[in-house]
Protein chains: 2
Amino acid sequence: MESNVATTPEVLAQRLANSGLRATPQREIIYGVLLKKRDHPTADEVYARVRTDMPGISLATVYNCLETLVQCDLVRAVNFERGPTRYCPNLRPHAHFHDEQSGSTHDIDLPAEILDKVRSVLPPGYNAKSVEITFRGKAADEQKSSQP
Amino acid sequence: MESNVATTPEVLAQRLANSGLRATPQREIIYGVLLKKRDHPTADEVYARVRTDMPGISLATVYNCLETLVQCDLVRAVNFERGPTRYCPNLRPHAHFHDEQSGSTHDIDLPAEILDKVRSVLPPGYNAKSVEITFRGKAADEQKSSQP
DNA sequence: AGTGAGATTTAGAACAATTCCAATTATTGT
DNA sequence: ACAATAATTGGAATTGTTCTAAATCTCACT
């Protein structure tokens, strides 16, 4: 019953096919990159990572493929104010905590119970397809990276 | 005790002064525009509205003033995915409902109780300065505008 | 294996929103 | 009145993304 996550190229291919799309090396590598390091990279960052494996890929393709993965519901696009869009392969309902110090983003799982509570603030007639919750602040005890 | 909303130029001036800033005609008019029609206009839209009163104003100034008002906590900047930033003079805690059909945005008041519940999903160590909640979907019974 | 329709990728141009810059123009305190 | 500081301005520059048209690939069918 855990058909929500495509952890293998085969499952990815299946998911794409469901939407009438093809599995291509570019799409596979990009999806792989997102799964490998789940730090909510931007398109540019994905581009940089993908290029180590596939030096000839173009930035336009990275944008195209990311968009495709979002369309197939394999990836979520996340925006923080005016910054570049970030991409996230975590499909479970979750909020984002944006650490202003480090700029990093953490997934916070959202129990269905809380989601229901939040939806309950909507007056009748408001039909929400999606809810997005973003925290902004400081996460204590960040594993300090070695950059001075 | 309702010192949170500057409904008059004087109160605006006071709020600006608190941050060591001056009240200027541009700032007053822009803030007035936001109060007058609370439909979450973009900078461009604010620019257009302000120009009817002050034709010589520059777009750069509109951006500057909006940023200033945000800094003084008189206005909230709101972002929906990649769209232009929108501005909102409603300072009470509220979520936004973004109607995908009409593109319009509605404020949804957030009871403190709900906000607390939402904050409660944060693991210890996560210190959120702000929480943003955005709904996306279809609001029934939208007063249909006359565009065909 | 060959062919054609359609999907995909690509490089680069174009675009939208915003910020930056350096030069004026106001405003304030002395 | 005058210097110091703040604010505004037009235009150039930047950023992130989308568009475009051409090249390439893939698949189904012969």
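Within every chain, numbering begins at 1; the chains are lettered A, B, ... in the order of the sequence lines, protein sequences first and strands thereafter.
Side-chain N/O atoms of B:Tyr63 include none lying less than 4.0 angstrom from OP1 or OP2 on C:dT19. A sub-4.0 Å separation between OP1 or OP2 of C:dT18 and a side-chain N or O of B:Thr85 is present.
Within the structure, salt bridge (Lys or Arg N to Asp or Glu O under 4.0 Å) contacts touching residues 41-59 of chain A (residues at least two apart or in different chains) are A:Asp39-A:Arg49, A:Glu45-A:Arg86. Residue pairs satisfying the ring pair (Phe, Tyr, Trp, His ring centres under 6.0 Å) criterion with at least one member in residues 43-81 of chain A, sequence neighbours excluded, are listed as follows: A:Phe80-A:His98.
The side-chain contact (heavy atoms from CB on, under 4.5 Å) check on A:Glu28 picks up A:Pro9, A:Leu12, A:Ala23, with sequence neighbours excluded. Qualifying side-chain hydrogen bond (donor to acceptor under 3.5 Å, both in side chains) partners for B:Glu132, counting only residues two or more places apart in sequence or in other chains: A:Arg136. Applying the side-chain hydrogen bond (donor to acceptor under 3.5 Å, both in side chains) criterion to A:Thr24, with sequence neighbours excluded, gives no partner residue. The side-chain hydrogen bond (donor to acceptor under 3.5 Å, both in side chains) search around B:Thr61 returns B:Ser58, not counting sequence neighbours. The side-chain hydrogen bond (donor to acceptor under 3.5 Å, both in side chains) check on A:Gln14 picks up nothing, with sequence neighbours excluded. Listed by chain and residue number, A:His96 satisfy the ring-ring contact (aromatic ring centres under 6.0 Å, His included) test with A:His40 (two or more places apart in sequence, or in another chain).
Between chain B and DNA chain D, the heavy-atom contact criterion of under 4.0 Å yields a 5' to 3' nucleotide range of D:dT5 to D:dT17.
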Atom pairs under 3.5 Å: protein N/O with N/O of nucleotides 10-14 of chain C:
{"residue": "C:dT10", "atom": "OP2", "partner": "A:Ser58", "partner atom": "N", "Å": "3.4"}
{"residue": "C:dT10", "atom": "OP2", "partner": "A:Thr61", "partner atom": "OG1", "Å": "2.4"}

Atom pairs under 3.5 Å: protein N/O with N/O of nucleotides 22-28 of chain C:
none

Identify every side-chain donor-acceptor pair in residues 119-129 of chain A under 3.5 Å, counting partners at least two apart or on other chains, and give the distances.
{"residue": "A:Arg119", "atom": "NH1", "partner": "A:Ala128", "partner atom": "O", "Å": "3.1"}
{"residue": "A:Ser120", "atom": "OG", "partner": "A:Lys117", "partner atom": "O", "Å": "2.4"}
{"residue": "A:Tyr126", "atom": "OH", "partner": "B:His106", "partner atom": "ND1", "Å": "3.4"}
{"residue": "A:Lys129", "atom": "NZ", "partner": "B:Glu100", "partner atom": "OE1", "Å": "3.1"}

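Under the 3.5 Å distance criterion, the side-chain polar atoms of A:Arg15 are left unmatched by any main-chain donor or acceptor of A:Leu74.
In this structure, CD of A:Gln71 is placed 16 Å from C1' of C:dA7, rounded to the nearest angstrom. Atom CD of A:Glu67 is separated from atom C1' of C:dA7 by 16 Å (rounded to the nearest Å).
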